[in-house]
Structures are given as structure tokens and as C-alpha cells.
Protein chains: 2
Amino acid sequence: MAKGLAEQRRQEMIAALRAGGHRLTPQRLAVVEILAESANHPSVEQVFKRVQRDFPTTSLATIYKTMSLLKQMGQVLELGFAHWGSRYDGKKPYPHPHVICTRCGAIVDPESPGMQELAQQMAGKSGFRISHHRLDFFGLCPRCQGR
Amino acid sequence: MAKGLAEQRRQEMIAALRAGGHRLTPQRLAVVEILAESANHPSVEQVFKRVQRDFPTTSLATIYKTMSLLKQMGQVLELGFAHWGSRYDGKKPYPHPHVICTRCGAIVDPESPGMQELAQQMAGKSGFRISHHRLDFFGLCPRCQGR
DNA sequence: TATCATAGGATAATCGTTTTCCATAGCAGT
DNA sequence: ACTGCTATGGAAAACGATTATCCTATGATA
């Protein structure tokens, strides 16, 4: 929403790239800018097409590589789905709830009340008609914590 | 846990197949039995290997088809992941929280306190060391609700 | 500006899943 | 039980998103 937020995120991502010793190529800067600005959780394909507007020779592989790089630096959040492609969040690269339309694929961020809300309550807030949901926690099980 | 629960789920799945006008083939019955009994959220590959013990000529496609059928009848819950294969829950085929080990792939069902718990709290209960989590709601957005 | 490792581009490879096509076998109805 | 219709199983090809490969080009430093 706020213009300054996108700019701030852009700077943060660029700083992270610099700090990691990565090169600031035009393609990377383009991806960063798109991720910092888009509130619609874009797909790789969508980012690809937008980058192509400025750099027509860009390869899809470059987008994937850049996404992967930003992700492992914690600068983008990947929303991976099993049957459709992944979606990316560069504005809030930390875990937070999402409401997803199974028909058009729209993804919105409900204002997170602290995560201790019920599914039904979230449905009301977003105006979505919730059919089902998914709540996953990732980490190491007791057996695996011993390295 | 209880022996009777698996048997009950098996009966329910068979009844659902009958009600849907689907044939009770040996392969389907084998898949149903495995899903009703396994508490470890098996993958397609795991189900496949177990069915093969009884029916060596079984095809992987058959398992996929059967899983898909049971899923669309609401008799199994699919836990789809973007980068690894899907996992299936035939014991509790309705949305509920899962705790997943990112190292060994173990999946356990924490006793669901009503879903209004924080990630940190769930970590304590399961003994897992949570690194990140995922909370998704699926449904129709306002624009799509108008068919 | 010269150097050199890193990054980009094009394409092939990967992998879980789906589709295709035909032979087989459930499951009525006789 | 027997027959016949149609859904289902089996084998392999197709699929689609993502990843790897390989070579050239280009940032970043001195």
C-alpha cells in the first residue's frame, strides 16, 4: 500500500545481495523491484513476463535462480503448492497466513491477529468462502534433532 | 491407535466406494486397507510398494488413480508439497494440523486443541523444533463467489 | 582497463503426476 | 452360472513445473 514500503523492501533485498557477495545484475534488480512492489504474490511466470518487458532476452531459468537465491537469503517467502506452481511474497518474507482462491488463484494477506484465530473467523474477515484450509509446521522431530 | 478405528475407516471407505457406484477391485481394497491402518501419512510410493506385496503386477498409475478417487470422495486428505511428493491421511480425512520433520519427512498429528494455538505452543507439545510453518485457507474469493 | 569468477541464456534433464490406450475383469441381469 | 456392458488395471508415453548443464558474457575489483 504505502509507496515507501516497497522502496524499503527493495533496498533491503539489494543490501542482502551485496552482503552475500552477489552481483547486482540488471536482471536481479528487475526481479527485486517486482517482488518489492507486487502485492499479489506473483508466480515465476508472472515475474518472468514482467522482466522480459525490460530485458527481452531474459531466460526463465534466470528468474528461478534469482528466486531461489532470494529465498535462501530469507528475502522472499515461497508459497509452494503441489499441483499448481509456487507463488512468492517479497513484501513480507516471513511466515504469515494467506487466503487463497481455488478458482482464480488470488492470494491475499488477512490482517494477522496473532495466528490464534479459527478458520471460520478468518473467512468472515476476508470475504472468502473457505472450503478447506491447511496448517503446517516445519522443523526437526525429536529423533532428528540429534543431528 | 485403537484397532477398531482402522477397521471402521476401512468400512467407511468401502461404503463410500459402493455408494459412488465404484467397483471393489482387489487393488482398491488393498489401498483402502493400507490407508485405514497406516498412521504415518504414507506417500504414493509407500502405498505402491505395500500393494505390490499382494499384487506384484500392480501399476503405480493404479495407486494414483485410487488415491485421486478416494480424495475426491473426501475419504483421504492429501498433504501436497511443492518440492517433495504428496502424503496422504486416510485416518482423519478432514483438515487438521500436522507437524512435519524437514529432515526425515515424519508427519505426526498433534492433539488439536481447536486450532487457535500459536506455532510456538505446538512446538512444545510435539517435541519438534519448529523452524517455520504454513497456514493456508482455501476457498472462493468474493469476486469468484458469483460463479 | 584487464582480470576472473560469477551470472545469464538456451536447452536438456528431472521427477512426481496424469493421460492414453487397450485388455481385463467387476457386476448387473438373465 | 453365463453374458455383456462398462469401469478399471497395466504399461508406457506425455506432461508441467523446476533444476541442472554448459558455454558465453559481464559485474566487480585492482
Side-chain angles (χ1 to χ4, degrees), chain A residues 13-34 41-73 75-88 105, chain B residues 13-34 41-73 75-88 105:
Chain A
M13 288 194 257
I14 292 174
L17 283 170
R18 277 223 178 79
H22 302 289
R23 293 182 185 165
L24 298 182
T25 67
Q27 294 90 338
R28 279 181 179 165
L29 292 175
V31 170
V32 161
E33 184 152 349
I34 290 166
H41 306 76
S43 65
V44 164
E45 206 68 33
Q46 290 173 323
V47 173
F48 175 53
K49 281 177 183 159
R50 281 200 52 188
V51 174
Q52 272 193 323
R53 294 217 289 253
D54 295 311
F55 305 94
T57 67
T58 302
S59 170
L60 191 51
T62 298
I63 311 297
Y64 274 106
K65 289 171 186 168
T66 304
M67 291 300 215
S68 175
L69 179 61
L70 290 171
K71 177 184 158 194
Q72 74 181 59
M73 294 193 310
Q75 292 299 316
V76 285
L77 178 69
E78 178 181 24
L79 301 176
F81 299 98
H83 303 295
W84 1 313
S86 287
R87 303 284 292 273
Y88 296 84
Chain B
M13 288 194 256
I14 291 174
L17 283 170
R18 278 222 177 80
H22 301 289
R23 294 179 184 168
L24 298 181
T25 67
Q27 295 88 339
R28 277 181 182 166
L29 291 176
V31 170
V32 160
E33 183 152 348
I34 291 166
H41 306 76
S43 66
V44 164
E45 206 68 34
Q46 289 173 325
V47 174
F48 175 53
K49 282 178 183 157
R50 280 201 51 187
V51 174
Q52 270 193 323
R53 294 216 288 253
D54 296 310
F55 306 93
T57 67
T58 301
S59 169
L60 192 52
T62 297
I63 311 298
Y64 274 107
K65 288 171 185 169
T66 303
M67 291 300 215
S68 176
L69 178 61
L70 290 172
K71 176 184 158 193
Q72 77 180 54
M73 297 192 309
Q75 292 299 315
V76 286
L77 178 69
E78 179 182 26
L79 301 176
F81 299 97
H83 302 294
W84 0 312
S86 287
R87 304 284 291 273
Y88 296 85

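What's counted below: heavy atoms across the whole structure, side chains too, no hydrogens, waters or symmetry copies. Numbered from 1 within each chain, the chains take letters A, B, ... in sequence-line order.
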Can you tell if the side chain of [X] reaches within under 4.5 Å of the side chain of [Y], non-hydrogen atoms only?
X	Y	answer
B/Ser59	B/Thr62	yes
B/Arg50	B/Val47	no
A/Tyr88	A/Leu70	no
A/His22	A/Arg28	yes

Terminal axes of the helix from C/dT1-D/dA30 to C/dT30-D/dA1 (five pairs each): angle between them, nearest 10 degrees: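 The helix from C/dT1-D/dA30 to C/dT30-D/dA1 shows an end-to-end axis angle of 40°.
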Rounded to whole angstroms, how far apart are [atom1] on [X] and [atom2] on [N]?
X	N	atom1	atom2	answer
A/Leu17	C/dA7	CG	P	9 Å
A/Phe81	D/dG16	CZ	C1'	17 Å
B/Glu45	C/dT17	CD	C1'	11 Å
B/Arg18	D/dT8	CZ	C1'	17 Å
B/Phe48	C/dG16	CZ	P	13 Å
B/Trp84	D/dT18	CH2	C1'	16 Å
A/Leu60	C/dT11	CG	C1'	12 Å
B/His83	D/dT19	NE2	P	6 Å

If only side-chain N and O atoms of [X] are considered, is one of them under 4.0 Å from the OP1 or OP2 phosphate oxygen of [N]?
X	N	result
A/Ser86	D/dT18	yes
A/Thr57	C/dG9	yes
A/Gln27	D/dT26	no
A/Thr62	C/dG9	yes

Judged by atom type as modelled, is there a donor-acceptor pair below 3.5 Å linking the side chain of B/Arg87 to the main-chain atoms of B/His41?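 Between the backbone of B/His41 and the side chain of B/Arg87 there is a qualifying donor-acceptor contact (under 3.5 Å).
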Protein proximity profile, nucleotides 23-30 of chain C - base contact B, sugar-phosphate-only contact S, no contact -, cut-off 4.0 Å on heavy atoms: --BBS---
First locate atom CD of B/Gln27, then atom CZ of B/Phe55, and finally report the distance between them rounded to the nearest 0.5 Å.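 Answer rounded to 0.5 Å: 6.0 Å.
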Measuring from atom CZ of B/Phe48 to atom OH of B/Tyr64, what distance do you get when rounded to the nearest 0.5 angstrom?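 It comes to 10.0 Å.
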Contact residues, residues 63-70 of chain B to DNA chain C [heavy atom, < 4.0 Å]: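 Heavy-atom contacts with DNA chain C come from B/Tyr64, B/Lys65.
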Is it the case that A/Glu78 and B/His83 place a side-chain donor and acceptor less than 3.5 Å from each other?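 Checked: A/Glu78/B/His83 side chains pair up, N/O donor to acceptor below 3.5 Å.
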Relative to the 5' end of DNA chain D, which residue comes earlier, B/Ala82 or B/Arg28, by the nucleotide with the nearest heavy atom?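 The answer here is B/Arg28.
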